[in-house]
Amino acid sequence: MDTQQPKTKEELEEKMVDDAFQHLKETYLASRHRKKIDIINKAFNFARQAHKGVKRLSGEPYILHPIAVAQIACEEMGLGSTSISAALLHDVVEDTDYTIEDIENIFGPKIAQIVDGLTKISGGIFGEHASAQAENFKKLLLTMSDDIRVILIKICDRLHNMRTLASQPANKQYKIAGETLYIYAPLANRLGLYKIKTELENLSFKFEHPEEYASITNKLNFTKEQRDKLFEDFTAPIRQSLDAAGVKYKIIARVKSPYSIWNKMQTKHVTFDEIYDILAVRIIFTPKVREEEINECFNIYVAISKIYKSHPDRLRDWLNHPKANGYQALHVTLMSKQGRWIEIQIRSDRMDEIAEQGFAAHWKYKEGGDIQEDEGELNNWLRTIKEILDDPQPDAMDFLDAIKLNLFASEIFVFTPKGEIKTMPAGCTALDFAFQIHTFLGSHCIGAKVNHKLVPLSHKLQSGDQVEILASKAQHVQPSWINFVSTAKAKGKIQAILRRENREIQKRGETILNEWMQKNDLAPTTSNLDKLCEYHDMSKHEDLFLSIGERTIILGEKDLAKLNEKDKKSGVTTGWKKYVPFLNLNKDKKSEPITPAEPFTVKEGFNKKKPCIINEEYISKYVFRHCCHPIPGDDILGYIDNKNHIEIHKRNCPVASKLKTSFGNRILDAKWDMHRLLFFDATIEIKGIDRKGMILDVARVITDELDINIHKVTVTADKGIFDGTIELRVHDRSDVKLIMEKLKKAEGLQEVMRIN
């Protein structure tokens, strides 16, 4: 036996690689797959040679990344030798001189096809421009339709990149984390990869909001002891009952993830202490008779509902109607003896495996050739993708939104008049349902009967509704319909029909515009069209042509004056004045505005890795858009806009989410360095029980106790309930936090939240 220890750095690295690959082989050999180890050895040796001498940003040998991706595919997704080999080879074609033909000659067509799919969608889904992103995303989905393993390995690749994201600069971290939350986490969820989806969300959260992640993690650790006691006390009588019934089971505690907790705190405007469903209980049993597992789930439910009172509105039956990702379980919420509602998830060992690893991994490609029953569900999903791809949106982000709308929404079950079940995304309307059945029915829809009652097209459907669509040949698609449909199919079809109708009007408008320009000795240049669009507050030339064609814009003297104006630099400055969020430097709170400086212009050679430092001296050189109103203390990032100016956004701003996924290469790190000299706008929303003197108490807390300047108060009261907004001048986020904490103590105030 060789006991010699490696001495040089190269030897240490070789040993690290050998150990990682040995661990991968051991994991594979312990799985239920046929033991095709030769192809895995061959793929490893080939990839090791191809990536020889290359290092990752962390300084490790590059080959450790493909090994780690293969390890995730094997251990966490349960994939077999073909997938493991493809994972080991996934970067070879992109990063070395080898071609797909080389891979096919050495490893055969199947592995080559998967590697080819992975190469096509490499470098993140997105390229430099939005249009290219949509193409890449379509490519990803089309490739996935051929072989589901492409997307599964891509998710493994992203998971390992997220686990090692610390070695990347901050601007890259925000881009990759944003992309992960926008695409990969929902995709993992849709494929039933619950554990991976949760980890992707948590890692994204950790890099985008490190302080809030640390705070929630610490609170979870701090409250662990009382949670453990609650779990033990709550489950003791359940164990007793299941033991007496002879059920073979295990009970585990499921703690809500930091990201889920933070998300709930944001959307419900509650504190950590106000979240009651941090703990859930999972009962996983082995059925006595496999065919009877659904009945056995209900038997367990009956047994435990004799111990605790169940919540009538919180019974979720995913047994008879599994989710689109194959998830099956019975969810019930019970009242504990401590007066807390606790959710229990009841599922068999088979259901648990599908819930944890995802049924896609057990689909027809599972080595061994067994075709699973789940294939039908997955094929339905792939058919949905193809429907979206048949009529892609001209705008890339619309396309991505359409994909997200349709694929990542939670489902409801709706019945046709004949009793057939249709799965629809939650939040869909009667019009969505009409388009789902047939385009002709959707485009001529005049209304619907839901549970035999007449409703408008915009009526939102609930699970269990029976829907009959009413149509008339006299009806035509209306532009307003786009505002209340939510499914990708309906949006796509409405836009396609409207585009067809609009093309003629646009052509007419363009002709009128050209004739008018010619008459006034002007040329229809892009610059002139841009000026007219800006003047009429339109974003696209096509919209301008349409309005002229519809005669909602009549070209005249004012348009002529606009076109004859000389270019002024003031355009930037007025835009800046509109968005500047602070008012003055003076402590006495007089409203003398700061004269805005010309914004920074990013020039060639600008170092994107360095953070933008925002202090009193330079703040006026950045552009603050009105979408999220960041103030000192908020987690922020920078974005280089089309004019090469730097916009500042909150990291969780919806606009920033799109920018991270669309234009990741323009994202910058940004940090505050303020000294409580400037004042910023902040708006707080308050709700509560109306009483005499309420506004006086609120004003007293803010002005007397905290010496904060109230800019504007708006309050409405109705039937004993009031709600209102308070616009304040504050130095930073800690001021807002202090105000909210003080206000919460006011008698009758139920909700206090910052809304920008």
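Computed from a predicted model, the values in this text were never measured in an experiment.
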> Between Lys154 and Asp157, is a salt bridge (Lys or Arg N to Asp or Glu O under 4.0 Å) present by the stated rule, with each step listed?
Replying inline: CA-CA 5 Å; Lys154 191 67 195 165; Asp157 180 38; 3.4 Å; yes
>> side chain to side chain donor-acceptor pair (under 3.5 Å), that's the test. Do Tyr174 and Asp669 meet it? Break it down for me.
In response: CA-CA 8 Å; Tyr174 303 150; Asp669 186 16; 2.9 Å; yes
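Looking only at side-chain heavy atoms (C-beta outward), Leu165 and Ile176 come within less than 4.5 Å of each other. Contact check for Leu200 versus Arg158: side-chain heavy atoms found under the 4.5 Å cut-off. The closest side-chain heavy-atom distance from Val655 to Cys628 is not below 4.5 Å. Put simply, the side chain of Phe606 reaches to within 4.5 Å of the side chain of Lys608, judged on heavy atoms. Between Val623 and Ile646 there is no side-chain heavy-atom pair separated by less than 4.5 Å. Leu560 has its side chain within reach of Leu522: a pair of non-hydrogen atoms, C-beta onward, lies under 4.5 Å apart.
Listed here is the closest heavy atom pair of Lys650 and Ala656: O-CB, 3.5 Å.
Distance check: Lys562 NZ to Leu532 CG gives 9.0 Å after rounding to the nearest 0.5 Å. The CG atom of Leu668 sits 10.5 Å away from atom OH of Tyr639, with the distance rounded to the nearest 0.5 Å. Rounding to the nearest 0.5 Å gives a distance of 15.5 Å between CH2 of Trp516 and OG1 of Thr511. For the atom pair CG (Leu563) and CE (Met517), the distance works out to 5.0 Å, reported to the nearest 0.5 Å. A distance of 9.5 Å separates CE in Met424 from NZ in Lys422, rounded to the nearest 0.5 Å. Of the inter-residue distances, the one linking Asp432 atom CG with Lys460 atom NZ reads 10.0 Å to the nearest 0.5 angstrom.
In summary, Lys519 and Glu515 do not engage in a salt bridge, as defined by a charged side-chain N under 4.0 Å from a carboxylate O. By the 4.0 Å N-to-carboxylate-O rule, Arg508 lies too far from Glu504 to be salt-bridged with it. Salt-bridge check for Lys660 with Glu208: passed, with a basic side-chain N closer than 4.0 Å to an acidic carboxylate O.
Both cation-pi conditions hold for Lys621 and Phe600: the charged atom is under 6.0 angstrom from the six-membered ring centre and inside a 45 degree cone around its axis.
Between Phe435 and Trp481, the ring-plane angle classifies as perpendicular under the 30° and 60° cut-offs. Classification of the His444-His476 ring pair by plane angle, with boundaries at 30° and 60°, yields tilted.
Side-chain contact of Asn642 with Arg666: a donor-acceptor pair under 3.5 Å is present, judged by distance alone. Asp530 and Ser527 share no side-chain donor-acceptor pair at under 3.5 Å.
Within a 6.0 Å radius of NZ in Lys172, no more than 12 heavy atoms belonging to other residues, nucleotides or ligands are found. Enclosure of atom CD in Glu534 is not indicated, since only 12 or fewer non-hydrogen atoms of other residues, nucleotides or ligands lie within 6.0 angstrom.
Residues that satisfy the salt bridge (charged side-chain N to carboxylate O under 4.0 Å, His left out) test with Arg733, not counting sequence neighbours, are Glu212, Asp634. Residues passing the ring pair (Phe, Tyr, Trp, His ring centres under 6.0 Å) test with Trp262, sequence neighbours excluded: Phe205, His209.
With Lys493 as reference, Thr439 is the one residue of Thr439, Leu498, Thr487 to meet the side chain to side chain contact (heavy atoms under 4.5 Å, CB included) rule.
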Hey, can you pull the donor-acceptor pairs under 3.5 Å for the side chains in residues 546-555, sequence neighbours left out?
from   : atom 1 : to     : atom 2 : distance (Å)
Ser547 : OG     : Asp543 : O      : 3.1
Thr552 : OG1    : Ser547 : O      : 3.1

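Within the 6.0 Å centre-distance limit, the rings of His731 and Phe679 are counted as a close aromatic pair.
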